[in-house]
Amino acid sequence: MGLNYWLMKSEPDTFSIDDLKKSPKQVTAWEGVRNFQARNFLRDQFQVGDLAFFYHSSCKVPAIVGIMEVIRTGLPDLTACDPKSPYYDPKSSMAAPRWYLVELKLKEKFNTPITLSALKMNPKLSKMRLLQRGNRLSILPVSQTEWRTILNML
DNA sequence: GCCAACGTTGGC
DNA sequence: GCCAACGTTGGC
């Protein structure tokens with residue numbers, strides 16, 4: 001099986017691509033995913049070497065702002081075990097982790113973000129999951145064709 | 001701040 | 001297992 005492509009949303013007020021750029025080694029643990037479908041992607045389908053778009057959501061100009069590479073997978077999200085964390089989940093435990101995360105390294109920050117409205121205007125992307133009505137998943141698979149189409153928009 | 005759409009919870 | 005109520009997401 002080949003490598004996968006993903007789109008990962010983050011609210012820039014919480015964690016932006018510049019925060020990632022400033023992180024040690026430009027690596028981050030993508031913590032706080034609390035949706036089962038997204039969790040299943042993280043736990044079961046992410047592979048080392050996969051590439052992911054960094055997407056800024058819930059902000060003035062929602063956009064793809066860069067590319068990350070998956071460097072570690074299948075790690076339990078221990079913020080679920082920390083009562084002081086906003087991501088605390090009493091139903092998770094060290095012995096039986098409920099939530100997982102991956103580690104990502106910044107590959108590229110785009111000089112010009114690819115905005116949501118630009119994505120919507122590209123007829124080749126009409127089937128993209130991000131653009132489907134009512135989509136709320138914070139982690140979405142991207143097809144290889146979509147990935148290439150989007151890179152061609154840079 | 002609004003609201004459509006969706007996910008989760010919990011009573012039955 | 002159903003489904004109403006509630007909470008969250010996220011664009012606008």
Side-chain angles (χ1 to χ4, degrees), chain A residues 4-23 28-46 50-70 73-104 106-143 145-154:
Chain A
N4 306 306
Y5 298 97
W6 305 97
L7 181 139
M8 306 178 77
K9 300 179 187 174
S10 181
E11 300 185 16
D13 289 345
T14 304
F15 187 79
S16 71
I17 194 162
D18 288 322
D19 293 326
L20 175 56
K21 203 172 178 182
K22 286 180 289 190
S23 299
T28 191
W30 202 264
E31 55 192 30
V33 172
R34 296 293 179 269
N35 168 285
F36 289 103
Q37 244 184 297
R39 187 278 312 268
N40 293 346
F41 286 142
L42 287 175
R43 190 190 56 187
D44 306 332
Q45 289 190 244
F46 269 64
D50 284 358
L51 297 175
F53 285 131
F54 194 132
Y55 179 84
H56 280 173
S57 67
S58 288
C59 56
K60 224 167 206 169
V61 185
I64 295 172
V65 291
I67 297 174
M68 303 177 287
E69 182 176 353
V70 177
T73 61
L75 305 164
D77 184 347
L78 298 180
T79 61
C81 299
D82 176 5
K84 278 172 288 184
S85 166
Y87 304 127
Y88 176 60
D89 177 2
K91 290 180 184 159
S92 190
S93 69
M94 295 281 200
R98 193 184 209 206
W99 304 111
Y100 286 79
L101 56 74
V102 298
E103 278 185 8
L104 299 155
L106 180 65
K107 262 205 115 183
E108 184 182 351
K109 179 192 168 183
F110 298 154
N111 293 324
T112 311
I114 304 170
T115 64
L116 177 60
S117 64
L119 294 171
K120 284 180 173 170
M121 285 190 302
N122 189 328
K124 289 181 186 166
L125 296 175
S126 60
K127 296 223 181 92
M128 194 182 176
R129 263 182 93 171
L130 177 73
L131 306 181
Q132 303 312 305
R133 239 163 64 101
N135 145 70
R136 298 190 316 172
L137 263 189
S138 65
I139 296 177
L140 295 165
V142 175
S143 77
T145 310
E146 290 163 352
W147 182 271
R148 278 197 287 250
T149 300
I150 292 166
L151 288 183
N152 279 333
M153 295 168 69
L154 281 171

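Numbered from 1 within each chain, the chains take letters A, B, ... in sequence-line order. Hydrogens, waters and symmetry mates are skipped; everything else that's a heavy atom, side chains included, is used.
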Sequence-distant partners of A/Lys120, side chain to side chain donor-acceptor pair (under 3.5 Å), two or more places apart: none
Which nucleotide of DNA chain C is the first, and which the last, in the 5' to 3' direction, to come under 4.0 Å of a heavy atom belonging to chain A? C/dG7 to C/dC12
Across all chains, not counting sequence neighbours, the salt bridge (charged side-chain N to carboxylate O under 4.0 Å, His left out) partners of A/Glu146 are none
Taking the side chain from A/Gln132 and the backbone from A/Lys127, do they hold a donor-acceptor pair closer than 3.5 Å? yes
Under 3.5 Å, side chain of A/Arg129 to main-chain N/O of A/Asn135, donor-acceptor pair present? no
Mind checking what makes salt bridge (charged side-chain N to carboxylate O under 4.0 Å, His left out) contact with A/Lys107, not counting sequence neighbours? none
Would the distance check show the side chain of A/Asp50 and the main-chain N or O of A/Asn4 forming a donor-acceptor pair, the cut-off being under 3.5 Å? yes
Let's see if you get this right: which residues in residues 131-139 of chain A place a heavy atom under 4.0 Å from DNA chain B? A/Arg133, A/Gly134, A/Arg136
Determine whether the aromatic ring centres of residues A/Phe54 and A/Trp6 are separated by less than 6.0 angstrom. no
Nucleic acid contacts of residues 87-95 of chain A, taken as heavy-atom distances under 4.0 Å to DNA chain B: A/Lys91
Geometric class of the A/Trp99/A/Phe36 ring pair [parallel <30°, tilted 30-60°, perpendicular >60°]: tilted
Heavy atoms of A/Ile139 and A/Met8 approach each other most closely as CD1-CE, 4.0 Å
Answer with base, sugar-phosphate or nothing: what part of the nucleic acid does A/Glu11 contact at a heavy-atom distance below 4.0 Å? nothing
Closer than 4.0 angstrom, basic N to acidic O: yes or no for A/Asp89 and A/Arg34? no
